[in-house]
Amino acid sequence: MPIGIFDSGYGGLTILKEIRERLPQYDYLYLGDNARAPYGARSFDIVYDFTLQAVKALFERGCHLVILACNTASAKALRSIQQNDLPQIDPSRRVLGVIRPTVEIIPQLTSTGHIGLLATRGTVASHSYALELEKSSPEMTITELPCPMWVPLVECNETDTPGADYFVEKYISELLGADPEIDTIVLGCTHYPLLLPNIRKFVPPHIRILPQGEIVAASLEDYLHRHPEIDAKCTKNGTTSFLTTESPDKFDPLAGIFLGSPVASTHISL
Ligand code: DGL
């Protein structure tokens with residue numbers, strides 16, 4: 001059965017891309033809830049409802065393991081789904097997110113212990129990164145900043161413009177102004193890797209910028225090694241299928257840009 005990868009829309013494709021590079025042998029089923037994206041400014045309850053519907057849809061299509069490749073969904077829905085829903089739906093299935101693997105790697109990377117987080121309003125308001133970091137590394141300081149203009153810039157394919165540079169510089173200088181000791185910046189939103197060339201222009205070279213795709217891919221590989229009973233349920237024919245709640249005509253062209261290879265999706269309703 002395929003590994004399910006869920007995102008509010010296109011952004012999870014940046015995570016899928018890295019996962020497929022690291023683990024090409026598995027089958028994947030990607031679901032983008034594009035008709036209802038973006039999730040970034042939606043309330044806790046709505047993100048939870050939408051995410052649960054998506055997880056159930058992926059379970060119905062055979063997935064035993066689902067990755068929430070969306071920071072907003074990981075921040076607002078993962079814990080409730082793991083603790084309250086999975087035991088009732090099917091305790092043998094697993095749903096994993098992107099926040100914990102990212103936080104786990106931070107202590108290996110920072111020297112100053114000062115971290116910057118750039119994410120959607122929803123992820124920042126949930127303080128999920130700060131709460132996770134507090135549990136594992138309470139001595140560290142994290143400054144969280146929402147970047148509400150970055151997702152629309154990416155979705156409108158405006159990354160290569162002076163307007164994109166303006167909004168990138170605005171948020172980077174706000175973040176570094178708030179804590180000049182930051183030496184590691186986490187890109188806590190699936191869309192932000194597509195702004196990396198812009199971000200690099202405004203971040204001093206001694207500061208590490210951390211996109212999540214590779215981290216999540218490495219963490220998934222490790223998880224499958226540690227859980228052979230889940231690994232055994234994942235088929236390995238190297239295929240990927242795509243589902244979207246939008247029209248495939250709209251989804252496929254932009255999805256191809258995020259993934260870096262052609263996409264042919266099928267519509268579903270949640
Ligand atoms: N995928 C979302 C995230 O990583 C960004 C897009 C959205 O707001 O839906 O937070």
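Numbering of ligands and ligand atoms starts at 1, following listing order.
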Review point. Do the ring centers of F258 and H191 come within less than 6.0 Å of each other?
Key: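 Yes - the distance between ring centres of F258 and H191 falls below the 6.0 Å cut-off.
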
Check your understanding: Between Y171 and W150, is the ring centre distance below 6.0 Å?
Key ->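 Yes, ring centres under 6.0 Å apart.
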
Practice item. Answer yes or no for C189: is there a heavy-atom contact with ligand 1 below 4.0 Å? Key: yes

Exercise for review: Using non-hydrogen atoms of the residue, decide whether G40 is closer than 4.0 angstrom to ligand 1.
Suggested key: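 A heavy atom of G40 does come that close to ligand 1.
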
Point to revise | Residue pair D183 / H114, side-chain heavy-atom distance below 4.5 Å | key: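 No; the side chains remain at least 4.5 Å from each other.
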
Check your understanding: Is the count of non-hydrogen atoms from other residues, nucleotides or ligands lying under 6.0 Å from F202 atom CZ greater than 12?
Key -> yes

Considering only heavy atoms of [X], which atoms of ligand 1 have at least one such atom less than 4.0 Å away?
X    : value
H191 : 5 (C), 6 (C)
D7   : 1 (N)
Y39  : 7 (C), 8 (O), 9 (O)

Check your understanding: If only atom types and distance count, is the side chain of R94 paired as donor or acceptor with the main-chain N or O of V66 below 3.5 Å?
Key ->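 Side chain of R94 to backbone of V66, a donor-acceptor pair under 3.5 Å: no, none is there.
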
Review point. Taking only residues two or more places apart in sequence, or in another chain, which ones meet K236 in a salt bridge (Lys or Arg N to Asp or Glu O under 4.0 Å)?
Key: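 Per chain and number, K236 pairs via salt bridge (Lys or Arg N to Asp or Glu O under 4.0 Å) with D231.
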
Check your understanding: Relative to ligand 1, is T72 under 4.0 angstrom through side chain, backbone, both or neither, heavy atoms considered?
Key -> both

Review point. What about S8: any of its N or O atoms under 3.5 Å from an N or O on ligand 1?
Key: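 Yes: some nitrogen or oxygen of S8 is under 3.5 Å from one in ligand 1.
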
